[in-house]
Structures are given as structure tokens and as C-alpha cells.
Amino acid sequence: MLFRVVWLQDHKPILPELVKERRASRRKIAFILTGTAFLAGLAVLAVFLVPQLTAAPKTPVTAERVAAVLAAQGYEPQHTDSFDDALTESITVQSGNFFVDFYTCRDKDSAGRLYDSACSQREALADEYQADAAAEKKANYAFYTGRSAETYAVVLRVDSTVLCGECPVKDEAVLNQILHTIGYL
């Protein structure tokens, strides 16, 4: 078999047009792929950022309100003295394995440091007791929970207040009801 190549003068003008057409087609494809990747990136960002930016801020409660809610649940809250200059007020309740500590700090930074410290202590215990832990920060509040086979614990920060609570897993609903009543859950 013999192949014969024929070069025709008439085909020369067609080749540059085909090359231009293919380049334009490749540019269109590249533009579409880049645009799609950009939109996908925006969608992923929106999934993570929109809930953070649109979260409604929580209203911090007073120590008196927390004391009243704890008393309504049958506990005897005690005002505690603090030797820490960052704290302005603190309340505690302890009944067996159930405890709640509520702190009002001088400012948000002090509350943030107290929250971080309490979470670190909880995480160390969570590792020791193989507990599940979750943390979340939104708007003006942060929330940490830890749950082992026997214990449920929470640490919350709202503006310049911090609440730490721990109870047996069977009393989790009681602790969550207290948090819900004060508006922290």
C-alpha cells in the first residue's frame, strides 16, 4: 500500500483557522474549569463561614440569675471568694458528683483565658478516661463538651462569663436544662 500525501494550496488558509478555533476552544474550557473551581471554593467557604458569621450572639447572664436557676432546681448555690484579680464574681454548686461553677470575669480576654484553661483540663481528663469531646466557637460564645462512660462535662464562655459543669451521664438532662434556662444552650 502506498500512501500519497497531497499538498494543496487551498488547505493552507484552513489550518490557521483550525488552530485559532482550537485555541479558542481550549481557552473556553480553561475558563469554565477555573470558574467552576472558584465557585466550588466559594461554596465550601460559605458552608464553613456563613454559620460562623450569622450565629446569633448569646446574652451573658448574671451570677444572680444563675444562682436563681440553680436554686429552682433544688441546689444551694454558694458565692465564692476569689483571689484571682480577673474574676469579679463566682458561684458554685456541688452535690455529690454534680457541680456547676459560674464565673464573671473583668473582661472578655480574662474569660477567654479561663475558658481555655478549663477546656485544657477537661481534655486531659478526656484523654485519661477515653471520653469524647467536642468544641465550638461562634459569635460571642464558645462551648466545649466532654462525655465518658460515666461523666458528662461542659465548659461555656459567653462574653466575659464562664460556666463549668460536670455530672454523671444519667444527670446530663438536668445540667442541660440549667444551661437552656439561662440561655447558654
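- Each side-chain hydrogen bond (donor to acceptor under 3.5 Å, both in side chains) pair with one or both residues in residues 57-74, not counting sequence neighbours, would appear here, but there are none.
- Partners of Thr88 by side chain to side chain contact (heavy atoms under 4.5 Å, CB included), not counting sequence neighbours, listed by chain and number: Thr104, Arg106.
- Interatomic distance, Phe102 CZ to Glu89 CD, rounded to the nearest 0.5 Å: 8.0 Å.
- Interatomic distance, OG of Ser120 versus OH of Tyr115, reported as 10.0 Å (0.5 Å rounding).
- Checked against side chain to side chain contact (heavy atoms under 4.5 Å, CB included), Ser110 has the following partners two or more places apart in sequence or in another chain: Ala86, Cys105, Asp107, Arg113.
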Could you list the donor-acceptor pairs under 3.5 angstrom formed by side chains in residues 171-185, with sequence neighbours left out?
from, atom 1, to, atom 2, distance (Å)
Glu172, OE1, Arg147, NE, 3.3
Glu172, OE1, Arg147, NH2, 3.1
Glu172, OE2, Arg147, NH2, 2.4
Asn176, OD1, Tyr152, OH, 3.0
Gln177, NE2, Thr181, OG1, 3.0
Thr181, OG1, Gln177, O, 2.8
Tyr184, OH, Val61, N, 3.1
Tyr184, OH, Thr161, OG1, 2.6

Do any side-chain atoms of residues 26-34 form donor-acceptor pairs under 3.5 angstrom with protein atoms, and if so which ones, sequence neighbours left out?
from, atom 1, to, atom 2, distance (Å)
Thr34, OG1, Ala30, O, 2.8

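- In terms of the ring-ring contact (aromatic ring centres under 6.0 Å, His included) criterion, residue partners of Phe98 (sequence neighbours excluded) are, by chain and number, Tyr75.
- The side chain to side chain contact (heavy atoms under 4.5 Å, CB included) test applied to Asp116 returns Lys137, not counting sequence neighbours.
- Listed by first and then second residue, the salt bridge (charged side-chain N to carboxylate O under 4.0 Å, His left out) pairs that reach into residues 160-169 are Arg122-Glu166, sequence neighbours excluded.
- Residues satisfying the side-chain hydrogen bond (donor to acceptor under 3.5 Å, both in side chains) test with Asn140, not counting sequence neighbours, are Asp159.
- Residue Phe99 is not grouped with residue Val154 when hydrophobic side chains (ILVMFWY) are merged at heavy-atom distances under 4.5 angstrom, including chains of intermediate members.
- Across all their heavy atoms, Ile91 and Pro77 have their closest contact at CG2-CB, 3.7 Å.
- Not counting sequence neighbours, Asp101 has no partner by the salt bridge (Lys or Arg N to Asp or Glu O under 4.0 Å) test.
- Take Thr80 and apply the side-chain hydrogen bond (donor to acceptor under 3.5 Å, both in side chains) test, not counting sequence neighbours, and it matches Ser90.
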